[in-house]
Colleague: 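Before anything else, here's the structure in question.
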There are 2 protein chains.
Amino acid sequence: MATLNEVAQRAGVTPATVSNVLRNRGRVGEATRQRVLEAVAALGYRPHLPARALAEGRAPTIALMVSSIANPFYPEFALAVENALRRSGQFLIICNTDGDPQTGRAYLDQIAGTLSAGVLVMNANLDFADLRATERRGAPVVLCMWERPHDPPGLPCVAVDFGLAGMLAARHLLELGHRRIGAIVGSKISGIHAARYEGFLAAMNAAGLDGARAPVLYAPDTTQGGYAATRELLARHPDLTAVFTTNDLPALGAMQAAADLGLPVPAALSVIGITDIQLARESRPALTTVAVPTVEAAELAVALLQELVEQPAKAAGRVCVTSAPELVVRGSTARPRA
Amino acid sequence: MATLNEVAQRAGVTPATVSNVLRNRGRVGEATRQRVLEAVAALGYRPHLPARALAEGRAPTIALMVSSIANPFYPEFALAVENALRRSGQFLIICNTDGDPQTGRAYLDQIAGTLSAGVLVMNANLDFADLRATERRGAPVVLCMWERPHDPPGLPCVAVDFGLAGMLAARHLLELGHRRIGAIVGSKISGIHAARYEGFLAAMNAAGLDGARAPVLYAPDTTQGGYAATRELLARHPDLTAVFTTNDLPALGAMQAAADLGLPVPAALSVIGITDIQLARESRPALTTVAVPTVEAAELAVALLQELVEQPAKAAGRVCVTSAPELVVRGSTARPRA
DNA sequence: GTGAAAGCGCTAACAA
DNA sequence: TTGTTAGCGCTTTCAC
């Protein structure tokens with residue numbers, strides 16, 4: 001690994017000049033510039049990122065905190081984040097918290113503000129207090145999928161109108177003619193899908209049905225969770241013609257449950273999800289869902305974080321709202337049979 | 001962000017002593033140790049990783065190169081890698097290459113040996129020459145899923161006996177009584193699944209069938225690829241009773257194709273994959289497949305890379321072989337109907 | 001235009 | 001047991 005110094009010696013200049021050439025700073029004579037460039041090429045010189053970061057006082061990476069990168073939604077988001085970062089010459093560190101606040105805190109303590117200039121937080125079950133502390137230590141934090149655009153969390157965030165998403169999903173079912181609709185809501189405790197469910201309730205009420213009376217079950221936000229919940233829901237309410245789900249994974253589970261119960265989807269049971277992950281397109285029947293602008297959210301999150309890194313005061317507490325979620329009708333929903 | 005120096009001043013000692021306390025190096029008096037620890041706590045001091053790395057001459061992260069983290073197999077692997085790294089205090093940088101050697105090279109140039117102490121390479125379509133160059137610059141490289149334990153690539157690697165995997169898959173089909181078996185092989189050009197197919201052929205031949213005459217199609221290593229290939233295969237050979245696939249994603253696609261063609265799986269068509277990704281468990285019917293020890297491979301890869309970082313000479317060119325792949329029988333295979 | 005010098009935050013000899 | 005010194009590779013201000 002050649003260093004700046006070695007390049008400088010070979011080119012017969014000082015490190016400062018090499019640095020200037022490489023970063024297009026200051027004024028450098030064309031002749032020296034050429035000599036320097038040749039030396040760089042000859043030695044195969046590559047800048048030492050941590051050293052540069054140290055000298056510049058800014059960290060070379062961004063951290064993405066997720067509960068588990070193996071959750072099918074996160075990789076799509078992480079990919080978009082990495083693409084955005086790459087364009088601006090930064091690197092992505094993945095932090096799996098296992099949904100454990102301790103692990104999350106340990107990560108924040110270790111890298112926020114030193115290795116990582118800032119941190120992107122997906123639903124990773126982190127303590128807000130820890131995030132605040134992280135901010136105070138000089139590493140901006142951006143919440144990546146805030147559910148309520150009109151109800152800011154007090155931390156900079158990218159918000160997606162999930163209330164609207166829930167509403168669109170419910171409305172689709174209602175417009176198809178469904179009246180007996182069951183709801184499966186992810187992770188009650190963290191309340192993470194509350195806005196989606198509220199959107200569902202609002203649509204039901206608007207249609208003259210009493211949303212609060214619609215059967216509802218809280219379940220883990222996984223395929224298995226959706227599967228089990230659907231079986232239970234259907235056991236208790238065999239007359240349901242449709243299942244609303246606050247996320248795609250449980251919706252996929254709901255379809256499997258229906259299959260196992262001998263209920264053809266969508267003929268005997270309609271199923272709808274929220275998010276539109278890749279898998280939604282690939283299931284049979286393909287899942288009707290409300291698509292959330294994942295890539296846009298990732299890009300906004302990166303841009304916001306970068307702004308915060310540059311000018312912490314200016315962007316403090318800012319809420320970036322993505323474009324609206326949109327209904328994607330596929331094969332898992334249809335009119336109820338007569 | 002408090003620095004070592006500030007801690008030292010507050011504790012009335014020099015930075016060197018603080019460093020010694022923090023790293024349990026050298027001998028430090030109990031009294032000073034306490035004072036230092038108090039100062040650390042009071043100031044909320046956290047070591048500056050890049051600075052430490054610079055001083056120690058070792059990079060604080062490991063890079064994982066994948067074509068796209070959104071490919072469903074990689075997150076499972078990445079999770080296991082991150083867990084292993086976390087245990088030893090290192091951090092994971094994700095590099096998506098989009099399957100583009102240029103992008104891969106750019107990444108290697110930028111971080112290998114500086115930001116990242118070493119690089120883990122999953123099938124990312126990288127030039128071997130670039131990997132060699134990376135090694136020469138002092139950043140060890142480990143290939144994470146080498147397909148042929150007995151045919152080393154000339155680079156340190158973790159090898160999985162995918163030939164055996166192919167063989168086990170084919171043998172399962174044969175033992176069920178299938179004779180007209182079609183094969184779908186991922187990505188012919190890169191030859192990345194060749195060993196798996198050879199295992200299939202060997203099993204066919206061993207059963208007295210001429211493997212080379214079995215219908216085979218090369219397809220992209222995706223659900224869609226498997227879907228299209230299966231439709232084509234079945235159109236050309238309607239008498240097939242089973243489909244062998246070199247990976248789970250195409251196998252899942254094959255099941256969808258069968259569903260769309262009105263062929264019940266496994267009654268009318270058996271389908272088998274290789275790898276055992278999470279989705280394999282979740283499909284309906286659940287996919288019969290040959291499980292590959294993903295977590296073990298990830299852990300071996302991390303361990304090997306760490307060894308290489310410590311003592312490049314000692315572990316050079318080493319091949320770590322994982323335990324053997326194992327057949328996992330689920331619902332997508334059955335006896336052919338009479 | 002180019003160089004000299006100081007410093008980013010930390011570690012690692014060696015000296016005291 | 002603790003301090004001194006030098007230096008990791010780079011940037012940057014300020015002279016020249």
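Naming convention: chains lettered A, B, ... in sequence-line order (proteins, then strands); numbering from 1 in each chain. Below, all heavy atoms of this structure are taken into account, side chains as well, without hydrogens, waters or symmetry copies.
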Colleague: Respond yes when some side-chain nitrogen or oxygen of A/Arg23 is under 4.0 Å from OP1 or OP2 of D/dT12, and no when none is.
Modeller: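 Yes, A/Arg23 has a side-chain N/O under 4.0 Å of OP1/OP2 on D/dT12.
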Colleague: With a 4.0 Å cut-off, would you call B/Arg10 and B/Glu6 a salt bridge?
Modeller: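 Result for this pair is no, no salt bridge flagged.
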Colleague: Report yes if at least one side-chain N or O of B/Arg52 is closer than 4.0 Å to OP1 or OP2 of C/dG9; otherwise report no.
Modeller: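 Answer is no, no contact under 4.0 Å.
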Colleague: Determine whether B/Arg105 and B/Thr97 make a side-chain contact, defined as any pair of heavy atoms from C-beta on separated by less than 4.5 Å.
Modeller: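 Of all side-chain heavy-atom pairs linking B/Thr97 with B/Arg105, none is under 4.5 Å.
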Colleague: Please report the distance, rounded to the nearest Å, between CG in A/Leu49 and C1' in C/dG9.
Modeller: 17 Å
Colleague: Below the 4.0 Å mark, does C/dG3 have OP1 or OP2 next to a side-chain nitrogen or oxygen of A/Thr14?
Modeller: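 For A/Thr14, the contact criterion (side-chain N or O under 4.0 Å from OP1 or OP2 of C/dG3) is met.
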Colleague: Rounded to the Å, how far apart are B/Asn24 CG and C/dA12 C1'?
Modeller: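 So the CG-C1' distance, B/Asn24 to C/dA12, works out to 16 Å.
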Colleague: Could you check how far CZ of A/Arg58 sits from P of C/dC8, rounded to whole Å?
Modeller: 17 Å
Colleague: Using a 4.0 Å heavy-atom cut-off across all strands, classify A/Thr32 as base, sugar-phosphate, or nothing.
Modeller: sugar-phosphate
Colleague: Counting side-chain heavy atoms from CB outward, which of C/dC8, C/dG9, C/dG3 is closest to A/Ala55?
Modeller: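 The listed nucleotide nearest to A/Ala55's side chain is C/dC8.
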Colleague: Whole-Å distance between C/dC8 C1' and B/Leu54 CG?
Modeller: 9 Å
Colleague: In this structure, how many angstroms lie between the C1' atom of C/dG1 and the CZ atom of A/Arg33, rounded?
Modeller: 12 Å
Colleague: Looking at side-chain heavy atoms only, is the closest gap between A/Val142 and A/Val119 below 4.5 Å?
Modeller: no
Colleague: Base, sugar-phosphate or nothing for A/Pro47? Non-hydrogen atoms, less than 4.0 Å.
Modeller: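 The answer is sugar-phosphate, as A/Pro47 gets under 4.0 Å only of primed atoms, P, OP1 or OP2.
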Colleague: Using a cut-off of strictly less than 4.0 Å, decide whether A/Thr17 has a side-chain nitrogen or oxygen near OP1 or OP2 of C/dT2.
Modeller: no
Colleague: Would you tell me if any nitrogen or oxygen in the side chain of A/Ser19 comes within less than 4.0 Å of OP1 or OP2 on D/dT11?
Modeller: yes
Colleague: Whole-Å distance between D/dG9 P and A/Tyr45 OH?
Modeller: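 The answer, rounded to whole Å, is 10 Å.
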Colleague: If you check every side-chain atom of A/Val13, which of D/dG3, C/dG3, D/dT11 has the closest atom?
Modeller: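 Out of D/dG3, C/dG3, D/dT11, the nucleotide with an atom closest to A/Val13's side chain is C/dG3.
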Colleague: Between C/dC10, D/dT11, C/dT11, spot the one nearest the side chain of B/Glu56, thanks.
Modeller: C/dT11
Colleague: Both B/Ala31 and A/Arg25 contact DNA chain D. Taking the nearest nucleotide for each, which residue is further toward the 5' end?
Modeller: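 Of the two residues, B/Ala31 wins.
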Colleague: Heavy atoms only, 4.0 Å cut-off, all strands: where does B/Gly57 land among base, sugar-phosphate and nothing?
Modeller: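 Answer is nothing: B/Gly57 stays at 4.0 Å or more from every strand.
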Colleague: Rounded to whole Å, how long is the line connecting atom CG of B/Asn5 with atom P of C/dG7?
Modeller: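 Spelled out: CG on B/Asn5 to P on C/dG7 is 12 Å.
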Colleague: Does B/Glu82 use its side chain to pair, donor to acceptor, with the backbone of B/Leu92 at less than 3.5 Å?
Modeller: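 Such a contact is absent between B/Glu82 side chain and B/Leu92 backbone.
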Colleague: Given that B/Arg35 and A/Ala16 both sit by DNA chain D, which one's nearest nucleotide is further toward the 5' end?
Modeller: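 Closer to the 5' end of DNA chain D: B/Arg35.
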Colleague: Counting N and O atoms only, with roles assigned by atom type, does the side chain of A/Thr103 sit under 3.5 Å from a partner on the main chain of A/Gly99, one being a donor and the other an acceptor?
Modeller: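 Absent.
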Colleague: To the nearest Å, how far apart are A/Leu115 CG and C/dG9 P?
Modeller: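 Answer to the nearest Å: 15 Å.
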